[in-house]
Amino acid sequence: MALQPNLIEVTVWYRGVVEGRLARQVTNSLADAAQTEGSYVQAFDNYTDLPDRVYVPCRSYARICPEPIAEPYTYVNSNPSLVVCTDAALVKGCNVLKGIDPGGTLIVNTRRDPEFVLGLVKDLPQKARLKKVATLDAGTAHQPNTPQGGIEGSTEKAGTMRTAAALLGAIAKVTGMVSLETLTKKAPAAAEMMAHGYAFVRELANPDYDPNDTASEAAEFGRRGKVDLIVPAPLPNGSQEGHITGNYRLQRPVVDQKICTACKICWVSCPDACITMVKDDEAAAAAAAAGEADGGLDGGADGAVPAAADGGGSAATGEKVKVNLKYCKGCGICWNVCPLKCIKPVDELDFAGGVVRITYSI
Amino acid sequence: MGKQVRVSGCKAVAEAVKAANVDVIASYPIRPYTGTMVELARMVAEGELDAEFVHAEGEHAQLSVVLGASAAGARVFTGSAGVGVTYAFEVYSPTSGEFHPVQCMIANRTLDPPGDFGSEHTEAMATRDQGWIMGWAASPQEAYDNTLIYYRLGEDPRVMLPQFPCQDGYFVSHISGPVELADPGQVKEFLPEFRPARALDPRRPVIMGPQCHADQGAAIELGRAEAMRNAREIIPQVYDEFARIFGRRYDPFLEEYKTDDAEVVFFGQGAHTVPARLAADRLRAQGLKVGVVQLRFMRPFPTDAVAERLARFKVVGIIENSNSFGSAFDAGPLTAEVHASLYYAENRPQILTFLAGLGGENIRLGAYGEMARAMHAAAQAGRVGDGAGHVGEGAGRVGGGKHVFWLGFEPLGDAGVEHVAASEDGDGGSDGEGGGW
Ligand code: SF4
Ligand code: SF4
């Protein structure tokens with residue numbers, strides 16, 4: 001930022017595999033439009049996110065500058081002035097405001113309102129730098145598509161744009177960094193969706209915005225020490241702190257303990273060993289320790305309906321299903337294999353603020 | 001004039017392979033070069049390119065497949081990265097020794113450790129003595145052009161050598177840039193059909209790669225050495241032809257940037273020479289006369305061009321992006337070759353080496369500033385030939401001999417900086433951490 005004050009960085013957060021094309025459509029189209037309007041531009045993907053894993057949070061970048069970009073070969077956008085998220089659960093699961101330029105904007109694809117999104121960032125350290133938040137229901141894009149050479153440094157053939165077009169329209173409206181006219185001229189087939197995004201995006205000023213909040217950046221070039229390659233390993237069945245996967249999750253498994261017979265089919269099926277069988281009293285103790293219905297990342301209650309001592313078959317064995325939400329990816333295997341259908345997927349966003357908005361139909 | 005597109009280095013190479021109308025492709029995935037094969041597979045599947053696409057079971061097989069296909073007279077393409085490059089090592093020498101002009105792209109990746117995805121030239125440099133033509137692209141456009149240029153050069157009957165067109169992983173392979181695609185007519189004119197004088201053909205049986213006797217060995221090696229020398233001879237003609245047909249003129253050996261009045265220059269190959277140029281612009285605004293020299297070919301190494309053209313600077317700062325543990329000066333292959341090339345020059349520049357960008361680390365602008373200031377300080381003390389330092393005097397170096405630095409780990413001030421700072425303090429910027437300029 002200090003090196004090139006006129007550089008505008010745009011970071012798009014998206015879901016691995018299923019939204020790679022969507023994200024690149026946004027960053028490439030933005031860069032293209034800005035270039036048409038006379039700027040120097042770049043568009044590139046993050047190289048160390050794991051974009052070949054389904055639903056993993058990944059980033060794609062655009063950079064726009066009135067003069068030649070001074071550091072064209074860089075891995076990340078350090079100080080984005082615009083952050084775009086393709087779904088709101090990304091805002092919940094990731095520090096999307098990291099390094100945001102003071103006065104920056106956050107645009108989220110969600111049917112929820114901007115106030116809700118502001119609620120999701122309230123614990124983020126740099127949220128006072130955020131000037132504006134905007135939301136738009138641009139539709140869901142996270143259905144499987146066939147990546148066509150788009151992964152691994154190549155670029156795919158242009159597909160039709162829907163969600164991307166709406167987001168681009170919203171970006172034009174909220175930031176003005178490119179005009180709707182230029183975007184439309186570059187992709188006439190997407191004009192309608194762009195106009196939709198432009199018209200329906202909802203904006204909200206961040207009441208906590210503080211233009212003077214310029215928390216210090218990490219030194220860009222410091223001296224370092226040596227690295228020891230032999231490091232203590234976690235227990236074989238322990239968790240890998242460096243690779244928490246809970247933010248892959250769009251929907252959370254919620255178990256109706258009254259119906260669960262503790263058959264352990266979900267326990268044996270979970271590909272990430274996120275399910276453990278715990279004794280009733282352990283579960284109750286864990287829930288009490290977690291202190292809230294939301295349960296925290298691997299809290300005991302985890303959306304499990306409060307224990308019913310007299311309920312269902314689990315009482316026979318005295319065991320309950322407990323999901324480790326720090327690692328649960330929301331893959332859906334457990335709720336598909338449960339013979340009694342007593343695991344239900346619930347939108348992750350419904351758990352914000354510790355409120356469990358769920359009713360059981362069975 | 002061809003079509004303008006914005007593509008990554010990976011995709012650019014795929015486009016060039018298509019333009020070169022390659023006959024046989026052997027793939028095996030490894031980051032970061034995979035994108036090229038993904039794109040080529042798509043082109044073949046969708047009928048854009050009529051080629052045999054063989055998915056091999058590993059890199060050793062990849063290289064073996066294209067060796068055989070080349071022997072049968074096909075124009076062939078393969079590629080790899082990182083440990084994939086070293087896994088195929090056995091096949092490199094027979095490929096050049098039997099004169100098969102195979103092209104194997106490399107998008108650089110570190111070896112293990114660290115084995116991260118980042119770019120480092122070490123894996124490609126490890127193959128530099130196998131009789132292959134080798135050089136680096138600094139941008140997707142150069143990557144595109146190099147594929148065409150290398151086929152032309154390698155398939156020349158006086159050369160017939162395989163080629164490693166390299167590009168820095170991620171920086172070039174994954175970041176898109178503007179590329180002008182060639183017209184088919186241009187490619188046809190520049191790159192004639194591959195018609196080797198001798199190819200495997202059941203109607204005229206020949207044996208290739210027979211068991212040799214000791215007394216045949218030297219002659220075989222001489223043949224390869226001569227082919228490489230021939231390549232060095234004809235490179236300027238190939239670049240002239242390229243400029244005439246495509247309208248892009250490169251210096252065949254050393255691309256110079258703002259060197260007319262430069263006292264100190266960054267010297268390197270590939271991606272890092274691009275931010276070096278941008279850094280030079282900024283440093284010039286501060287009054288430091290900095291230039292950049294980009295090496296095009298590691299093999300054949302342009303000894304004469306390096307000796308003649310680097311001799312005029314006061315200080316050459318090598319950006320050394322690969323390791324050669326225990327080599328001359330404990331630096332890397334580039335350092336050894338530049339020193340060797342300059343040995344007979346009358347007026348030698350001081351040479352500093354910066355081990356930088358290892359593990360794929362990004363060399364930030366501030367770091368270029370720090371390197372340039374170290375070079376500038378050394379320049380104040382003069383050149384080797386000015387009597388500022390001679391062999392025997394601190395190993396021939398101003399400031400007591402230290403001239404190889406691990407960027408980020410060692411203070412660069414030892415490069416004669418203290419020595420100079422006392423007498424002259426005119427470098428215009430003393431922001432040691434390099435962040436603020
Ligand atoms: S959703 Fe998938 S990861 Fe999560 S608990 Fe169920 S099976 Fe395991
Ligand atoms: S949740 Fe379903 S699958 Fe899992 S133990 Fe209970 S009944 Fe079995």
Side-chain angles (χ1 to χ4, degrees), chain A residues 1-4 7 24 27-29 31-32 35-36 40-52 60-63 65 67-76 78 146-158 216-230, chain B residues 5-11 14 29 31-43 46 107 113-114 116-119 139 168-178 271-272 274-275 278-279 281-282 360-367 369-370 407-411 433-437:
Chain A
M1 173 179 62
L3 286 171
Q4 204 163 26
L7 176 69
R24 277 188 292 278
T27 48
N28 288 341
S29 305
D32 263 0
Q35 187 180 40
T36 306
Y40 293 86
V41 300
Q42 277 191 293
F44 57 104
D45 286 358
N46 183 289
Y47 190 52
T48 49
D49 293 340
L50 302 164
D52 51 353
S60 183
Y61 305 113
R63 306 172 102 207
C65 196
E67 70 255 20
I69 295 170
E71 288 193 289
Y73 292 154
T74 182
Y75 286 102
V76 296
S78 313
T146 313
Q148 278 247 61
I151 304 299
E152 289 310 333
S154 194
T155 47
E156 59 259 287
K157 295 205 293 188
S216 62
E217 296 294 327
E220 77 162 47
F221 180 62
R223 313 230 176 272
R224 291 154 305 163
K226 294 187 180 128
V227 173
D228 192 349
L229 269 190
I230 300 185
Chain B
V5 294
R6 168 173 291 279
V7 294
S8 67
C10 273
K11 163 106 174 170
R31 233 179 166 203
Y33 108 100
T34 314
T36 300
M37 286 302 176
V38 172
E39 196 59 26
L40 284 171
R42 185 192 64 72
M43 289 171 175
E46 294 185 357
D116 61 296
F117 299 128
S119 174
S139 67
D168 299 70
Y170 176 72
F171 297 125
V172 178
S173 73
H174 277 56
I175 297 184
S176 59
H272 296 300
V274 172
L278 295 155
D281 289 344
R282 289 169 169 250
E361 195 174 48
N362 191 6
I363 309 175
R364 304 294 308 265
L365 269 185
E370 193 161 321
L407 192 73
F409 292 87
E410 298 176 294
E433 286 305 297
W437 57 282

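A note on names: the letters A, B, ... follow the listed sequences, proteins ahead of strands, and every chain is numbered from 1.
- For the residue pair Tyr61(A) / Asn46(A), a side-chain donor-acceptor distance below 3.5 Å is found, with atom types taken as modelled.
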Exercise for the section: Go through Tyr75(A) and Thr48(A) one step at a time and tell me if the side chain to side chain contact (heavy atoms under 4.5 Å, CB included) criterion holds. Expected result: CA-CA 8 Å; Tyr75(A) 286 102; Thr48(A) 49; 5.5 Å; no
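- Of the atoms belonging to Ser119(B), it is backbone heavy atoms, and not side-chain ones, that fall under 4.5 Å from chain A.
- With hydrogens and angles disregarded, a donor-acceptor distance shorter than 3.5 Å links the side chain of Gln42(A) to the backbone of Pro72(A).
- Under a 3.5 Å cut-off, the side chain of Tyr40(A) and the backbone N or O of Arg63(A) do not form any donor-acceptor pair.
- Here Gly360(B) is the residue among Gly360(B), Pro178(B), Pro113(B) with the most heavy-atom pairs under 4.5 Å with chain A.
- Taking chain A as the reference chain and counting heavy-atom pairs below 4.5 Å, the highest number among Val172(B), Val274(B), Asp116(B) is found for Val274(B).
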